[in-house]
Asker: 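The structure's right below; bear with me while I get my questions together.
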Amino acid sequence: MIDTVARTSIMGRAIASGAVALDVINIRDFSIHGTKRVDDYPYGGGAGMVMEPEPIFQAVMKAKEAAGSSAKVIYLTPAAKVLDQLKAEELAKEQDLILLCGHYEGIDERVLEEVVDENISIGDYVLTGGELGACVLMDAVSRFVPGVLHNDESSLVESHQDNLLEYPQFTRPEVWHEKAVPKVLLSGDHQKILEWRHAQSVERTKERRPDLFERSYKVTLLYFGSGAASEFAEKLSVSVSRYPVLLDYRRAKLVKQKRSFGASDLVIVITDTPEETSQRMERISADRSPLIYICPEEEPQQIRAFFEEHGFCQKQSFRLVPEPDASHTEELAFRIRKLAGEFLKK
Ligand code: 4G0
């Protein structure tokens, strides 16, 4: 079943091209009985069967031989935190994954304790086996693997990035069943289109996923410092959010304005020196919003002290030291999105 699902469509193309490799191991081949049986009755009684530890152990050892001993073992189970887009992106950074699929009422706890690195559920429902879950996880993770998607299928900036749902899409014809495509999309005004799409995403998220909307955030990136900072800020902002607000705090006019951030704002500050930070950020209040600051390694504690003095989100300031190489922007953006997810979860 796994082969059939995985070798179809884009996953199939990814495997055929070598961007992703898939190896399927059947636990039944490791049965310790004369038969292919790998399950037994549960101690303590109750309905259903439980998978025996030894065949699972042998199968996982076999997988580790093939994948390398550093491969992360993931157990697909309804009793775990539900997979999300950020987790899929995180798993894509691993070299090898071993996905353990159980049947019946699950697997003997002792072998799980020994071999499993992480438990993941694909949703709050029960399947007859973990295999379809493994396929779902594989698909979601593969989209982040270089070479799996073409440019026009890109996965970097998309739905869920800001915990907002996708906006509605339209293609030709311009009128279909007497329904016209929204005028703004034909205007050619890119700023207006971006704003319309953002508003649609917000409306849709409030309506369909109020729980997700609660955890959505508005990213504001505030920078001063050298000329390189502005280029870096721009690159970073679009990797962190689909709808970032960029504020150039080298501009005296901005510095003079009062500005306050709330609990659903994620503020990223790119700063050079403590002196500059205290001068430029004097009129900003951000006592409830998570704030991440990015600065050179020198004297970060002084900058932290300034933020604490001004009551900036006391427990939630972080220092991320960027590599001088801009190619690390993506990695930094990922870390920021991960932090944001942690700040905002209830
Ligand atoms: C472990 C994963 C595995 C325990 C697997 C069932 C849903 C998911 C299985 C059970 C699965 C999921 C306790 C019924 C196999 N079903 N949501 N089925 N129990 O990720």
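Counting starts at 1 for both ligands and their atoms, in listed order.
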Asker: Of all the atoms in ligand 1, which lie at a distance below 4.0 Å from a heavy atom belonging to Val126?
Answerer: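 In order of number, 7 (C), 14 (C), 16 (N).
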Asker: Take atom CZ of Arg251 as the centre, draw a 6.0 Å sphere, and report whether it contains more than 12 heavy atoms from other residues, nucleotides or ligands.
Answerer: no
Asker: Report, in ascending order of atom number, the atoms of ligand 1 lying under 4.0 Å from any heavy atom of Ser121.
Answerer: 12 (C), 17 (N), 20 (O)
Asker: How far is atom 20 (O) of ligand 1 from its nearest protein heavy atom, and which residue and atom name does that atom have?
Answerer: Ile122 N, 2.8 Å
Asker: Can you check whether Met138 reaches Leu22 side chain to side chain, under 4.5 Å on heavy atoms?
Answerer: yes
Asker: Starting from atom 1 (C) of ligand 1, which protein heavy atom do you reach first, and at what distance in Å?
Answerer: Tyr75 OH, 3.0 Å
Asker: Could you check whether any side-chain heavy atom of Arg37 comes within less than 4.5 Å of a side-chain heavy atom of Ile32, counting everything from C-beta outward?
Answerer: no
Asker: Using a strict cut-off of 4.0 Å, indicate which atoms of ligand 1 neighbour a heavy atom of Gly106.
Answerer: 1 (C), 4 (C)
Asker: Does Glu330 offer a backbone N or O that forms a donor-acceptor pair with the side chain of Ser239 under 3.5 Å?
Answerer: no
Asker: Could you list which atoms of ligand 1 come closer than 4.0 Å to a heavy atom of Tyr125?
Answerer: 7 (C), 17 (N)
Asker: Any salt bridge linking Lys87 with Glu90? Criterion: basic side-chain nitrogen under 4.0 Å from a carboxylate oxygen.
Answerer: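 Yes.
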Asker: Could you check whether any heavy atom of Gly130 sits closer than 4.0 Å to an atom of ligand 1, since that is the contact criterion I want to use?
Answerer: yes
Asker: Consider only side-chain N and O atoms of Glu195 and Gln191, and report whether a donor and an acceptor are under 3.5 Å apart.
Answerer: yes
Asker: Taking the six-membered ring for Trp, are His198 and Tyr243 parallel (under 30°), tilted (30 to 60°) or perpendicular (over 60°)?
Answerer: parallel
Asker: Taking only heavy atoms of Leu76 into account, list the atoms of ligand 1 that are under 4.0 Å away from them.
Answerer: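 Those atoms are 2 (C), 3 (C), 5 (C).
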Asker: Show which atoms of ligand 1 fall inside a sub-4.0 Å distance from at least one heavy-atom site of Gly102.
Answerer: 15 (C)
Asker: Give me the nearest non-hydrogen protein atom to atom 13 (C) of ligand 1 as residue plus atom name, then the distance to 0.1 Å.
Answerer: Glu105 O, 3.5 Å
Asker: Any idea which of Pro78, Gly129, Cys101 brings a heavy atom closest to atom 2 (C) of ligand 1?
Answerer: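 Answer by nearest heavy atom: Pro78.
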Asker: Which of the atoms of ligand 1 are close to Gly123, meaning less than 4.0 Å from one of its heavy atoms?
Answerer: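 Counting from 1, the qualifying ligand atoms are 17 (N).
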Asker: Where is the nearest protein heavy atom to atom 16 (N) of ligand 1: which residue, which atom, and how far?
Answerer: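 The protein heavy atom lying closest is Leu127 N, 2.8 Å.
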Asker: Counting only heavy atoms not in Gln95 (residues, nucleotides, ligands), do more than 12 fall under 6.0 Å from its CD?
Answerer: no
Asker: What pair of heavy atoms forms the shortest contact from Tyr75 to Gly102, and how long is it?
Answerer: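 Nearest pair, atom of Tyr75 first, then Gly102: CE1-N, 4.2 Å.
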